[in-house]
Amino acid sequence: MIEPGGYVRDIFLKPVGDSVTAHGWVKTRRDSKGVSFIQLSDGSTFADLQIVVEAGAILDEVLAGVTTGASLRVSGELVASPGAGQAVELKASLIEVIGTADTATYPLQKKGHTMEFLREKAHLRSRSNTFGAVFRVRSALSFAIHQFFQERGFLNVHTPLITTSDAEGAGAMFGVSTLDLLNLPRTEAGQIDYTSDFFGKRAHLTVSGQLEAEIFALAFTNVYTFGPTFRAENSNTPRHLAEFWMIEPEMAFCDLDGNRALAEQFLKAIISHVLNHCEADLAFFNQRVDNTILSTLEQVATADFEHVTYTEAVSILEKAGRAFEFPVFWGADLQSEHERYLTEETFKKPVIVTDYPQEIKAFYMRRNDDEKTVRAMDVLAPRIGEIIGGSQREERHDVLRDKITAQGLPLEEYWWYLELRKYGSVPHAGFGLGLERMLMYITGMKNIRDVIPFPRTPGDAEF
RNA sequence: UCCCCGUUAGCUCAGUUGGCAGAGCGCUUGACUGUUAAUCAGGAUGUCGCUGGUUCGAGUCCAGCACGGGGAGCCA
């Protein structure tokens, strides 16, 4: 394997004159009479290593196998580059073609691919400039998220992916079953008999780890989850996946103000980390994908977020003097167009909206004294809308029981959730961040399917 | 799931009033002593998404279906 020090990223930092060996895949090759240039990438950094092959240095039979997509081991001397694009380059004295790639059929070319085409080549697209940058940023972002919480004493909890309760009473869920679909056991009433199923009752893939995270918050004080989440909604948009990754911190002894403050610190910290550690990748996105991302990210990392209540937001929208497609009135949920107006036109930066009407929010959100609103918060970002959703949780047993009943949810399914409010209940709060939504925001990528390695969407689970 | 748009060479696309299937890039052959999406010259490459229909004749008109994109809803 390649050890630290052997990545292309490391080779760039070595002194001129060193003997080095590089491994990677050929991105492209240029020939002149007497000299060839090979762009070699191993994914460790945005820049390719330029390999220079002088006339006679390498056998023609070997060089014939050096084509776009082929994998190589190259040894030679690191030299200062007289060309403009790079400080150093590798003067090859030995090239081994590890795996060839037929130029007639290799799908990736030097330029001109659409995201849609590359999505169909998900097994090769990670070798491209764009997807190399996307997945390096994704990895750095994931690290920054763990670091942020670990440094603050948060416990990382692995909540289950298979669940027998419907966490929010909302959203279609994927069933998990070992029953024979061609021969389903039936109850006398004709319903499917899940008592003979693997878990003895109906099971699903989780739509959120929040309820289990609350259990851990009431034992470990501050916790967070970071794992995959599943929604079986038939959503066909550039912002939805059937399988995506979500981060859900949950804090005991915390109210909505603390929750809001943490969300803002969190976003600033992880954006700063990426700004400091992925400069070349971000420069590429800023140049080729969206020329506003660098200035936007720098602003978000430093400027204070706006905070308005739902009631204030509605008031702003009513005074906007604009004909929205969906009417604005107190009690209506904010639509995409309303969120965009607030973030892109009114404030031009992230906005945290709090205290939504009880009727449009989930049962577990803490009811305010006005009996009409709940301690909910949405962090809205320019261009992509809701990036974080969270709330202070209802910690009062009787109020929570009433809210579950009022929303028509089965009390018995929530027995343990209610029992947490009987034994040492404390005010607590948390939020959820969609990793892919955050990545879209950071990279400027327009389709969520292009910031996850292998997207799952309705009708598509290839790879 | 609803609305709109699209599907022509490996890729990105043009294709006029229904009348011989096109370009650029990629690939390939050659030229060129240092390129940066190299450049220059030549060459090959087609189930016009699928199934029907209209017509003397359909890439072009009509219908259905499939797939893709954008917008909406659901939401992270």
Side-chain angles (χ1 to χ4, degrees), chain A residues 27-39 47-56 64 67-69 79-86 89 91 101-121 128-129 167-168 170-173 207-210 225 228-248 288 324-326 333-337 339-340 360-362 378-381 384-390 431-441 446-452 457-460 462:
Chain A
K27 197 164 276 175
T28 180
R29 168 181 159 182
R30 297 174 293 275
D31 297 300
S32 284
K33 187 173 182 74
V35 61
S36 290
F37 301 94
I38 302 161
Q39 298 297 128
D48 304 319
L49 179 62
Q50 177 161 282
I51 312 292
V52 184
V53 182
E54 294 182 340
T67 59
T68 303
V79 298
S81 176
Q86 58 286 314
E89 60 192 20
K91 195 165 103 180
D102 184 356
T103 54
T105 55
Y106 187 70
L108 300 191
Q109 301 171 6
K110 297 177 190 179
K111 67 168 196 176
H113 291 308
T114 59
M115 292 300 124
E116 292 79 29
F117 173 74
L118 289 171
R119 213 172 289 149
E120 295 171 2
K121 312 287 179 196
S128 67
N129 286 336
E168 304 186 17
M173 304 169 82
V207 296
S208 166
Q210 179 197 318
T225 72
T229 303
F230 308 89
R231 303 281 165 88
E233 302 286 352
N234 190 9
S235 298
N236 294 286
T237 83
R239 302 179 305 283
H240 291 86
L241 291 165
E243 177 184 279
F244 62 98
W245 288 65
M246 189 152 66
I247 296 93
E248 296 177 291
R288 293 292 185 90
F324 291 112
E325 187 185 346
F326 291 87
D333 206 355
L334 299 182
Q335 302 293 321
S336 296
E337 55 176 341
E339 296 177 350
R340 294 189 68 150
I360 60 174
K361 288 294 181 182
D378 283 355
V379 181
L380 310 178
I384 60 169
E386 184 181 339
I387 194 164
I388 278 179
F431 60 81
L433 170 83
L435 180 69
E436 289 79 15
R437 293 263 175 98
M438 191 66 213
L439 270 169
M440 291 173 75
Y441 189 67
K446 303 292 185 293
N447 194 311
I448 199 166
R449 293 162 201 178
D450 299 327
V451 294
I452 190 167
T457 53
D460 189 15
E462 192 70 47

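The chains referred to below are lettered A, B, ... by the order of the sequence lines, with proteins before strands, and numbering in each begins at 1. Only heavy atoms go into these numbers, but all of them, side chains included; no hydrogens, no water, no symmetry mates.
- Checking the phosphate oxygens (OP1, OP2) of B:G34, a side-chain nitrogen or oxygen of A:Ser32 falls inside 4.0 Å.
- Comparing B:U55 with B:U17, their P atoms sit 23 Å apart, to the nearest whole Å.
- Counting non-hydrogen atoms under 4.0 angstrom, A:Pro107 reaches nothing in the nucleic acid.
- Base pairing of B:G52: its partner is B:C62, meeting the Watson-Crick or G-U wobble criterion (both donor-acceptor distances under 3.5 Å).
- Here the nucleotide nearest the side chain of A:Ser336, chosen from B:A72, B:G26, B:G71, is B:A72.
- With rounding to the nearest 0.5 angstrom, the CZ atom of A:Phe37 is 14.0 Å from the CG atom of A:Asp48.
- Taking 3.5 Å as the limit, the base of B:C74 and the side chain of A:Ser235 contain a donor-acceptor pair of atoms between them.
- Closest-nucleotide positions on RNA chain B for A:Asn234 and A:Phe37 were compared, and the one nearer the 5' end corresponds to A:Asn234.
- Taking atom CG on A:Leu108 and atom C1' on B:G26, their separation rounds to 12 Å, with Å as the unit.
- One C1' atom belongs to B:U35, the other to B:C50, and the distance between them is 46 Å to the nearest Å.
- If you take atom C1' in B:C27 and the same atom in B:A9, they sit 12 Å apart, rounded to whole Å.
- If you check B:U17 for Watson-Crick or wobble pairing at under 3.5 angstrom, you find it has no partner at all.
- Side-chain to base pairing of A:Asp31 with B:U35: no donor and acceptor N or O lie closer than 3.5 Å to each other.
- For A:Tyr441, there are no ring-ring contact (aromatic ring centres under 6.0 Å, His included) partners two or more places apart in sequence or in a different chain.
- Rounded to an integer number of Å, the gap from CD of A:Glu116 to P of B:C5 is 18 Å.
- The partner of B:A44 is absent, by the rule that a Watson-Crick or G-U pair needs both atom distances under 3.5 Å.
- Side-chain proximity of A:Thr114 to B:U12, B:C25, B:C75: nearest is B:U12.
- For B:A76, the base is stacked against the aromatic ring of A:Phe244, per a cut-off of 5.5 Å between centres and 30° between planes.
- A:Ser208 has no side-chain polar atom (N or O) that falls below the 4.0 Å cut-off from OP1 or OP2 of B:A76.
- Nucleic acid contact for A:Leu241: base, since at least one base atom lies under 4.0 Å from a heavy atom of the residue.
- With a 4.5 Å cut-off on side-chain heavy atoms, A:Leu435 and A:Ile452 do not count as touching.
- Across A:Glu339 and A:Leu334, no two heavy atoms sit closer than the pair OE2-O, 4.0 Å.
- Rounded to whole Å, the distance from CG on A:Asp333 to P on B:C74 is 7 Å.
- Atom-to-atom, CZ of A:Phe117 to C1' of B:U7 comes out at 15 Å; the value is rounded to the nearest Å.
- Between the base of B:G73 and the side chain of A:Glu233 there is no donor-acceptor pair shorter than 3.5 Å.
- A donor and an acceptor atom sit less than 3.5 Å apart, one in the side chain of A:Glu89 and one in the base of B:G34.
- Under the Watson-Crick or G-U wobble criterion, with both distances below 3.5 Å, B:G10 is paired with B:C25.
- Comparing the same atom, C1', in B:G49 and in B:C32 gives a spacing of 43 Å after rounding to whole Å.
- Taking atom CZ of residue A:Phe326 and atom C1' of nucleotide B:C3, one finds them 12 Å apart after rounding to whole Å.
- For the pair A:Asn236 CG and B:C2 P, the computed distance is 10 Å after rounding to whole Å.
- Distances shorter than 4.0 Å separate some side-chain N or O of A:Asn447 from OP1 or OP2 on B:G70.
- The nearest pair of heavy atoms linking A:Ala101 to A:Tyr106 is CB-CD1, 4.3 Å.
- If you check distances only, the side chain of A:His240 does reach the base of B:C75 with a donor-acceptor pair under 3.5 Å.
- A:Lys361 meets the salt bridge (charged side-chain N to carboxylate O under 4.0 Å, His left out) test with A:Asp378; sequence neighbours excluded.
- Atom CD of A:Glu337 and atom C1' of B:G73 are 12 Å apart (whole Å).
- The shortest distance between the side-chain N/O atoms of A:Arg29 and the OP1/OP2 oxygens of B:U35 is not below 4.0 Å.
- Between A:Glu462 and A:Glu120, the closest side-chain pair of non-hydrogen atoms is not below 4.5 Å.
- In the displayed structure, A:Arg30 atom CZ is contacted under 6.0 Å by more than 12 heavy atoms of other residues, nucleotides or ligands.
- Put simply, A:Arg449 has a side-chain N or O that comes within less than 4.0 Å of OP1 or OP2 on B:G69.
- Taking atom P on both B:U39 and B:A21, the two are 32 Å apart, rounded to the nearest angstrom.
- Of all nucleotides present, none satisfies the Watson-Crick or G-U wobble test against B:C75 with each distance under 3.5 Å.
- Nucleotides B:C3 and B:A63 are separated by 15 Å at their P atoms, to the nearest Å.
- Checking the phosphate oxygens (OP1, OP2) of B:G73, a side-chain nitrogen or oxygen of A:Gln335 falls inside 4.0 Å.
- Atom name C1', nucleotides B:U60 and B:G19: the rounded distance is 11 Å, in whole Å.
- For the pair A:Leu118 CG and B:G69 C1', the computed distance is 15 Å after rounding to whole Å.
- Between the P atoms of B:C11 and B:G69, the separation comes to 16 Å (whole Å).
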